[in-house]
Peer 1: 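Take this structure, written in structure tokens, and hold onto it; I'll ask about it next.
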There are 2 protein chains.
Amino acid sequence: MTVSRSATAGGAKARKEAGETATGEGAALQMGELSELLGYVLKRAQLRVFEDFLRCVAPLQLTPAQFSVLLLLDRNPGRNQTEIASTLGILRPNFVAMLDGLESRDLCTRTRSANDRRSHNLVLTDKGKAVLARAKRLVATKHEARLNELLGPESRATLLSMLTRIAREF
Amino acid sequence: MTVSRSATAGGAKARKEAGETATGEGAALQMGELSELLGYVLKRAQLRVFEDFLRCVAPLQLTPAQFSVLLLLDRNPGRNQTEIASTLGILRPNFVAMLDGLESRDLCTRTRSANDRRSHNLVLTDKGKAVLARAKRLVATKHEARLNELLGPESRATLLSMLTRIAREF
DNA sequence: GATAATTGTTATCCACCATATCAAATGGGC
DNA sequence: GCCCATTTGATATGGTGGATAACAATTATC
């Protein structure tokens, strides 16, 4: 597996237009058991979905990671960095710069906890709530809507449940 | 979205054992609409699958990316770097070091093409074929077998087809 | 034969992930 | 109270993957 962006290879472009057999020198490559490898297809699909997410939410300049942080802060106001980061699978050191970015854009605030003065209470600002609301709308009406259009609601639900199963039990 | 490794957060560990209500200060965080975000679950599942892949094929010291290259070379011997790389979505510059690694381990060879002396014909060595065969066996008997055990064959097929659809048409 | 395009390559940059380490603060044992 | 381990946020740092620009050698096009 490997997988990054362009699926439409350059090999096809290099093919000559003359009448060649299907096995001519410029023929498309055989994917072989690659198309049966779940990890490979999984990664390709994930890249596509993230790509589309970025496009849909581009007006708000939010990455998937930042969006997930805002979502979590909205549902869990007052938590500290360790809790938010670990819930999202982010290591605490890497979460610092990320929060710096969000805080410098006035989307959330760090305030020292009264109980435990080591930790910071993380809270969304009003601007953060507004941006999140707009982001949620964009995601729902553009991103997820497009997925629903491709798969249909029931297939989408099935896919989600299988992926959740893998993420939790595998 | 964000997603990296540990799903089992540290927030749960920090919970006190005393009799607290469900909304106590140490309660688990609410995931909110995060668990409904396909991109988020998709990435988490992908990380799990890659993690397991690495474990299963660890004796052969092959990454998912390297495995995919070997698979493609086996099915498409004699292709050049541009063709192999672009098929896998790898940029040509980044594919150079990758091939260096495989070639230095004597898994494949670069030989100047007779027709076009700019390009290299890529071919698996005998050792490369042997390693690939062993890798395929490990993947089938350990990695994919475990997925089949979790999902069942028919669900696995459904999942694969939906992911392929996303990867191609989304 | 002059010019454009392609191939492999290098250099370089950026994002993300991971580890070790630190100071400040807290908690536990005594 | 005091010592010691732990926790929290933070810094520095390294590794890996992905992306662009540029280059020499070669080939294609006109």
Side-chain angles (χ1 to χ4, degrees), chain A residues 1-6 9-18 25-26 43-44 46-47 50-51 54 61-66 68-69 78-86 88-101 103 108-122, chain B residues 1-6 9-18 25-26 43-44 46-47 50-51 54 63-66 68-69 79-86 88-101 103 109-122:
Chain A
M1 320 172 188
T2 292
V3 177
S4 93
R5 323 135 312 135
S6 64
K13 195 186 64 177
R15 216 175 318 176
K16 297 181 178 174
E17 300 286 2
E25 59 104 340
K43 176 127 192 187
R44 279 215 110 97
Q46 183 261 311
L47 288 173
F50 266 45
E51 199 179 325
L54 278 174
Q61 285 282 90
L62 281 184
T63 67
Q66 291 171 326
S68 69
V69 171
R79 297 299 191 135
N80 65 29
Q81 301 182 195
T82 299
E83 290 171 319
I84 298 294
S86 71
L88 292 173
I90 305 175
L91 295 172
R92 275 73 78 218
N94 299 330
F95 192 53
V96 174
M98 191 171 172
L99 255 195
D100 289 346
E103 204 180 13
C108 69
T109 59
R110 295 185 243 222
T111 47
R112 299 221 88 90
S113 167
N115 318 337
D116 187 342
R117 292 178 38 210
R118 290 171 297 184
S119 59
H120 291 160
N121 289 347
L122 303 181
Chain B
M1 320 172 186
T2 292
V3 176
S4 94
R5 324 135 309 135
S6 64
K13 196 185 66 178
R15 216 174 318 175
K16 295 181 178 175
E17 300 287 1
E25 59 105 339
K43 176 127 192 188
R44 280 215 109 96
Q46 183 260 312
L47 288 172
F50 266 46
E51 198 181 324
L54 279 173
T63 68
Q66 291 171 327
S68 69
V69 171
R79 297 297 190 133
N80 65 29
Q81 300 182 196
T82 298
E83 290 171 318
I84 299 294
S86 70
L88 292 174
I90 305 174
L91 295 172
R92 276 70 79 220
N94 299 330
F95 191 53
V96 174
M98 191 171 171
L99 254 194
D100 289 345
E103 203 180 15
T109 59
R110 293 187 245 222
T111 48
R112 297 221 89 90
S113 168
N115 317 338
D116 187 342
R117 291 179 39 207
R118 291 171 297 184
S119 60
H120 292 160
N121 289 345
L122 303 181

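Per chain, numbering begins at 1; letters A, B, ... match sequence-line order. All values derive from a computational prediction rather than experimental measurement.
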Peer 1: Is there a side chain to side chain contact (heavy atoms under 4.5 Å, CB included) between B/R44 and B/L47 once you walk through the steps?
Peer 2: CA-CA 5 Å; B/R44 280 215 109 96; B/L47 288 172; 5.8 Å; no

Peer 1: Nearest nucleotide by nearest heavy atom, which residue falls closer to the 5' end of DNA chain C, B/L99 or A/S113?
Peer 2: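 Closest to the 5' end, via its nearest nucleotide, is B/L99.
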
Peer 1: From the set C/dT9, D/dG9, D/dA19, return the single nucleotide nearest to any side-chain atom of B/V96.
Peer 2: C/dT9

Peer 1: If you measure from CG on A/L99 to CD on A/Q81, what distance do you get to the nearest 0.5 Å?
Peer 2: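 Result: 5.0 Å between the selected atoms.
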
Peer 1: Grab the N/O contacts between the protein and nucleotides 20-25 of chain C below 3.5 Å, and write none if there aren't any.
Peer 2:
{"unit_1": "C/dA25", "atom_1": "OP1", "unit_2": "A/R117", "atom_2": "NH2", "d": "3.2"}

Peer 1: What integer distance in Å separates B/F95:CZ from C/dA11:C1'?
Peer 2: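 That distance rounds to 20 Å.
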
Peer 1: Are any of B/T82's side-chain N or O atoms less than 4.0 Å away from OP1 or OP2 of C/dG8?
Peer 2: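 For B/T82, the contact criterion (side-chain N or O under 4.0 Å from OP1 or OP2 of C/dG8) is met.
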
Peer 1: List for me each residue that meets side-chain hydrogen bond (donor to acceptor under 3.5 Å, both in side chains) alongside A/Q61, sequence neighbours excluded, and say none if there are none.
Peer 2: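 Result, side-chain hydrogen bond (donor to acceptor under 3.5 Å, both in side chains) vs A/Q61: none returned.
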
Peer 1: From the options D/dG9, C/dC17, C/dT7, select the nucleotide whose nearest atom is closest to the side chain of A/N80.
Peer 2: D/dG9

Peer 1: Go through it in stages, so that I can follow the logic: the residues are B/T82 and B/R92, the test is side chain to side chain contact (heavy atoms under 4.5 Å, CB included), and I'd like the CA-CA distance, side-chain angles, deciding distance and then a yes or no.
Peer 2: CA-CA 6 Å; B/T82 298; B/R92 276 70 79 220; 3.8 Å; yes

Peer 1: State which residues pass side-chain hydrogen bond (donor to acceptor under 3.5 Å, both in side chains) with B/R117; sequence neighbours excluded, sorted by chain then number.
Peer 2: none

Peer 1: How long is the line joining CZ of B/R92 and P of D/dA22, in whole Å?
Peer 2: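 Taking atom P of D/dA22 as the reference, CZ of B/R92 is at 17 Å.
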
Peer 1: Hey, does the side chain of A/Q81 come within less than 4.0 Å of D/dT7's phosphate (OP1/OP2), counting only N and O?
Peer 2: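 No, A/Q81 has no side-chain N/O under 4.0 Å of OP1/OP2 on D/dT7.
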
Peer 1: My understanding is that only residues two or more places apart in sequence, or in another chain, count here; which of them pass side-chain hydrogen bond (donor to acceptor under 3.5 Å, both in side chains) with B/N94?
Peer 2: none

